[in-house]
Amino acid sequence: MKLVASFVALVSLFHISRGANWPFDVTTISAPDGSITAKFVSFGATMTELWVNDKHGQARDIILGYDDNSQLLTDPAHPVFNPIVGRYANRIKNGSFSIPITKDLQPDGPNVYHIPTNDHDGQDTLHGGIHGWDRRNWTITSKSTTSVTYRHIDNADEGFPGIVTAFATHTVENGGILKTTVHATATEETPIMLTQHIYWNLDAFQGSEDILNHHLHIDSSKVVRVDGNAVPTGQFINVNNSVFDFRIPKKINWDWNATVGLCGGECQGYDHCWIYDHDESSKPGVSLWSDVSGIRLDVTTDSPAVQVYTAFWLDTPRKVVHGGPGLNYTSFAAVAIEQEGYIDAVNTPEWGVDQIYGPDRDFEWNSTYKFSLVH
Ligand SMILES: *[C@@H]1O[C@H](CO)[C@@H](O)[C@H](O)[C@H]1NC(C)=O
Ligand SMILES: *[C@@H]1O[C@H](CO)[C@@H](O)[C@H](O)[C@H]1NC(C)=O
Ligand SMILES: *[C@@H]1O[C@H](CO)[C@@H](O)[C@H](O)[C@H]1NC(C)=O
Ligand SMILES: *[C@@H]1O[C@H](CO)[C@@H](O)[C@H](O)[C@H]1NC(C)=O
Ligand SMILES: *[C@@H]1O[C@H](CO)[C@@H](O)[C@H](O)[C@H]1NC(C)=O
Ligand SMILES: *[C@@H]1O[C@H](CO)[C@@H](O)[C@H](O)[C@H]1NC(C)=O
């Protein structure tokens with residue numbers, strides 16, 4: 001018996017680390033009460049489907065994605081559909097930083113690091129470089145019917161200092177709850193700033209084609225002011241009396257014409273970093289709901305900020321379940337809501353935000369997504 005048991009354990013351990021089609025092996029987790037089912041692939045520790053019930057009791061898959069998950073690697077558009085993004089999410093000015101951080105970086109100064117610049121014609125780094133964590137082959141270290149944990153070892157990739165080992169755990173619970181937690185350790189001092197880059201459409205393209213009529217609440221009074229390369233100037237925009245004010249819930253398109261050019265020259269809509277007002281993470285930072293499906297999402301997080309991107313640049317064939325592949329996900333088909341740190345704080349020392357982790361300081365990132373119904 002014992003021998004058989006260890007043999008089974010060994011086989012399942014092997015099977016668990018590298019499922020068929022790894023790194024595109026699919027793991028499904030479901031809450032016992034049937035309220036929520038999520039699917040993931042090892043590649044990027046990425047969520048590929050998320051099913052919750054609408055007001056009619058019908059399950060809808062409320063996140064964007066591909067039917068062929070290998071497109072997470074090969075789609076040249078790289079919309080970043082629902083993975084863990086790291087080692088440093090969002091932008092890094094000129095792909096450069098120093099440790100300790102400084103305002104006036106000397107490119108060839110001591111302890112200055114250069115990451116490949118893959119955004120705005122080489123003016124900045126986006127989402128951790130050319131091959132950030134979202135395009136790495138994570139491995140499963142444990143799983144059950146309600147939870148899966150992936151590990152990624154970042155071996156000083158993309159020019160960042162030190163080895164970072166990250167564990168990302170996705171768990172579902174009764175009552176329509178999804179939790180994602182990331183714990184990372186580093187062998188040397190390094191910036192770490194992660195996000196989970198989920199694109200939501202709470203109607204799942206049934207009864208509406210975009211998120212413009214979704215209601216949005218953001219518990220935030222200030223937005224990071226950015227320059228033409230979408231990197232921070234160091235200043236904040238006070239949301240009061242502006243198109244950024246979602247302290248009282250509003251439809252995303254409540255002042256839509258005023259968002260022309262807001263996210264760049266030809267871009268309409270939002271792609272901004274809101275700094276949360278909350279100083280305890282028990283209160284939802286963001287809420288999103290749709291009258292069409294009746295699905296409501298409340299996000300609680302220990303992140304100090306959130307990026308909200310209304311997906312102007314999307315043009316990718318939809319999943320079959322969303323009406324694809326003949327129809328594409330296009331502008332405003334979804335809203336990406338990314339729990340994160342202050343963007344490019346490593347080049348903005350005046351904020352006094354410490355994003356340097358290392359042997360004496362582990363990194364942690366926790367977000368909880370709670371689903372309910374509005375009638
Ligand atoms: C940007 O970084 C490069 C090195 O990657 C350096 O040569 C260049 O001078 C930097 N530009 C600015 C404006 O600091
Ligand atoms: C990661 O997976 C991709 C896609 O299968 C493969 O091409 C690549 O060689 C793998 N990389 C590593 C380091 O295993
Ligand atoms: C917002 O601005 C109005 C004036 O336009 C002012 O009366 C109000 O107190 C301000 N609210 C906050 C929260 O700053
Ligand atoms: C928004 O802009 C469109 C096109 O320019 C115009 O037809 C519409 O009346 C505007 N809506 C509002 C509320 O100003
Ligand atoms: C969908 O997007 C793909 C990739 O950008 C593009 O090649 C194709 O023409 C688009 N299809 C439609 C129907 O717009
Ligand atoms: C994050 O979640 C982990 C695992 O559930 C927990 O141990 C840790 O205390 C949480 N951290 C914060 C800051 O909430």
Stepwise side-chain contact (heavy atoms from CB on, under 4.5 Å) check, Val231 with Gln123
CA-CA 10 Å; Val231 303; Gln123 299 297 300; over 6 Å; no
Any side-chain heavy-atom pair of Thr27 and Lys39 under 4.5 Å
no
Holding to side-chain hydrogen bond (donor to acceptor under 3.5 Å, both in side chains), I want the full list of residues that pass it with Asp291, two or more places apart in sequence or in another chain.
His215
Donor-acceptor contact below 3.5 Å, side chain Asn118 vs main chain Leu126
yes
Got a donor-acceptor contact below 3.5 angstrom from the Asn82 side chain to the Met47 backbone?
yes
Before giving the answer on side-chain contact (heavy atoms from CB on, under 4.5 Å), spell out for Ile140 and Thr149 the whole-Å C-alpha distance, their side-chain angles and the decisive distance to 0.1 Å.
CA-CA 6 Å; Ile140 295 175; Thr149 298; over 6 Å; no
Among residues at least two apart in sequence or on other chains, which ones pass side chain to side chain contact (heavy atoms under 4.5 Å, CB included) with Thr187?
Ile163
Hey, what do you get for CG (Leu288) to CG (Leu297), rounding to the nearest 0.5 Å?
6.0 Å
For Phe81 and Tyr66, I'd like to know if the aromatic rings sit close, meaning centre-to-centre distance below 6.0 Å.
yes
Using links of under 4.5 Å between side-chain heavy atoms of ILVMFWY residues, direct or through other members, which residues join Val292 in one cluster?
none
Among Asn366, Thr169, Asp362, find the one that has a side chain to side chain donor-acceptor pair (under 3.5 Å) with His183.
Asp362
Verify, without hydrogens or angle tests, whether Asp134 (side chain) and Gly44 (backbone) share a donor-acceptor contact under 3.5 angstrom.
no
Residue pairs fulfilling salt bridge (Lys or Arg N to Asp or Glu O under 4.0 Å) with at least one residue in residues 176-194, sequence neighbours excluded
Glu173-Lys179
Working to the nearest 0.5 angstrom, can you tell me the gap between Thr125 OG1 and Asn90 CG?
11.0 Å
Distance-only check: which donor-acceptor pairs under 3.5 Å involve side-chain atoms of residues 367-375, not counting sequence neighbours?
from: Ser367; atom 1: OG; to: Thr301; atom 2: OG1; distance (Å): 3.0
from: Tyr369; atom 1: OH; to: Gln196; atom 2: OE1; distance (Å): 2.7
from: Lys370; atom 1: NZ; to: Gly175; atom 2: O; distance (Å): 3.1

Would a distance-only check, ignoring hydrogens and angles, find a side-chain to backbone donor-acceptor pair under 3.5 Å from Ser42 to Trp22?
no
For a quick test of your reading: what N or O donor-acceptor pairs under 3.5 Å do the side chains of residues 314-323 make, sequence neighbours left out?
from: Asp315; atom 1: OD1; to: Asn328; atom 2: ND2; distance (Å): 2.7
from: Arg318; atom 1: NE; to: Asn328; atom 2: O; distance (Å): 3.1
from: Arg318; atom 1: NH1; to: Glu209; atom 2: OE1; distance (Å): 3.4
from: Arg318; atom 1: NH1; to: His322; atom 2: O; distance (Å): 2.9
from: Arg318; atom 1: NH2; to: Glu209; atom 2: OE1; distance (Å): 2.7
from: Lys319; atom 1: NZ; to: Thr48; atom 2: O; distance (Å): 2.7
from: Lys319; atom 1: NZ; to: Asp61; atom 2: OD2; distance (Å): 2.7
from: Lys319; atom 1: NZ; to: Ile63; atom 2: O; distance (Å): 3.0
from: His322; atom 1: ND1; to: Tyr329; atom 2: OH; distance (Å): 2.8
from: His322; atom 1: NE2; to: Asp61; atom 2: O; distance (Å): 2.6

Carboxylate-amine/guanidinium proximity below 4.0 Å for Asp154 and Arg87:
yes
Is there a path of hydrophobic side-chain contacts, each under 4.5 Å between heavy atoms, that joins Ile177 and Val52?
no
Set of ring pair (Phe, Tyr, Trp, His ring centres under 6.0 Å) partners for Trp51, sequence neighbours left out:
none
Go through the steps for Gln307 and Asp271 under the test side-chain hydrogen bond (donor to acceptor under 3.5 Å, both in side chains), then give the verdict.
CA-CA 7 Å; Gln307 189 84 13; Asp271 187 9; 3.0 Å; yes
side-chain contact (heavy atoms from CB on, under 4.5 Å) between Phe332 and His214: does it pass, once the steps are laid out?
CA-CA 11 Å; Phe332 326 129; His214 281 36; over 6 Å; no
Leu194 with Phe167, same ILVMFWY side-chain cluster at under 4.5 Å:
no
I want to check a possible cation-pi pair here: Lys250 against Trp254, using under 6.0 Å from ring centre and within 45° of the ring axis as the test.
yes
Ring centres under 6.0 angstrom apart (His197, His127):
yes
Would a 4.5 Å heavy-atom cut-off, applied to side chains only, mark Asn201 and Ile62 as touching?
no
With side-chain contact (heavy atoms from CB on, under 4.5 Å) as the test, would you mind laying out the steps for Thr37 and Ile29 before giving the verdict?
CA-CA 6 Å; Thr37 294; Ile29 59 177; over 6 Å; no
Is the side chain of Asp227 donor-acceptor paired with the backbone N or O of Pro232 at a distance under 3.5 Å, no angle test?
no
Less than 6.0 Å separating the ring centroids of His170 and Phe40?
yes
Name all residues meeting the side chain to side chain contact (heavy atoms under 4.5 Å, CB included) criterion together with Trp313; count only those two or more places apart in sequence or in a different chain, and write none if there are none.
Glu266, Cys267, Tyr309
As a quick check of understanding, evaluate side-chain hydrogen bond (donor to acceptor under 3.5 Å, both in side chains) for Asp298 and Ser287, giving each step before the final call.
CA-CA 4 Å; Asp298 291 289; Ser287 301; 2.5 Å; yes
Charged N to carboxylate O under 4.0 angstrom, Asp157 versus Arg136?
yes
Donor-acceptor pair, distance only, cut-off 3.5 Å: does the side chain of Trp138 make one with the backbone of Trp133?
yes
Does a side-chain heavy-atom distance below 4.5 Å link Gln268 with Thr310?
no
Heavy-atom side-chain proximity of Leu262 to Phe244 below 4.5 angstrom:
yes
Would you find a donor on one side and an acceptor on the other, under 3.5 Å apart, between the side chain of Tyr270 and the backbone of Thr259?
no
Side chains of Asn137 and Thr139, heavy atoms from C-beta outward: is any pair under 4.5 Å?
no
Among the clusters formed by ILVMFWY side chains lying less than 4.5 Å apart, do Ile84 and Phe363 turn up in the same one?
yes
Measuring only between side-chain heavy atoms, which start at C-beta, is Tyr150 closer than 4.5 Å to Thr141?
no
Salt bridge check, Arg361 against Asp354: does any charged N sit closer than 4.0 Å to a carboxylate O?
yes
Is a side-chain donor or acceptor of Thr117 paired with a backbone partner of Asp124 at a separation under 3.5 angstrom?
no
Is Val26 linked to Leu64 within one hydrophobic cluster, defined over Ile, Leu, Val, Met, Phe, Trp and Tyr using a side-chain heavy-atom separation of less than 4.5 Å?
yes
Would a distance-only check, ignoring hydrogens and angles, find a side-chain to backbone donor-acceptor pair under 3.5 Å from Arg60 to Asp203?
yes
Kindly give the cluster partners of Tyr88, where membership spreads through any ILVMFWY side chain lying under 4.5 Å from a current member.
Ile92, Phe97, Ile99, Ile101, Tyr113, Ile115, Phe160, Met193, Val224, Val226, Phe236, Ile275, Tyr342, Ile343, Val346, Trp351, Val353, Ile356
Answer yes if Trp289 and Leu178 sit in the same cluster of Ile, Leu, Val, Met, Phe, Trp and Tyr residues linked by side chain heavy atoms under 4.5 Å apart, and no otherwise.
no
Which Ile, Leu, Val, Met, Phe, Trp or Tyr residues join Val85 in one cluster when any pair of side-chain heavy atoms under 4.5 Å counts as a link?
Val80
Residues pairing under salt bridge (Lys or Arg N to Asp or Glu O under 4.0 Å) where one sits in residues 103-122, two or more places apart or in two chains, turn out to be Arg91-Asp119, Lys103-Glu350
Determine whether a donor-acceptor pair (N or O, by modelled atom type, separation under 3.5 Å) exists between the side chain of Thr46 and the backbone of Phe43.
yes
Which ILVMFWY residues can you reach from Leu105 by hopping between side chains whose heavy atoms are under 4.5 Å apart?
Val112
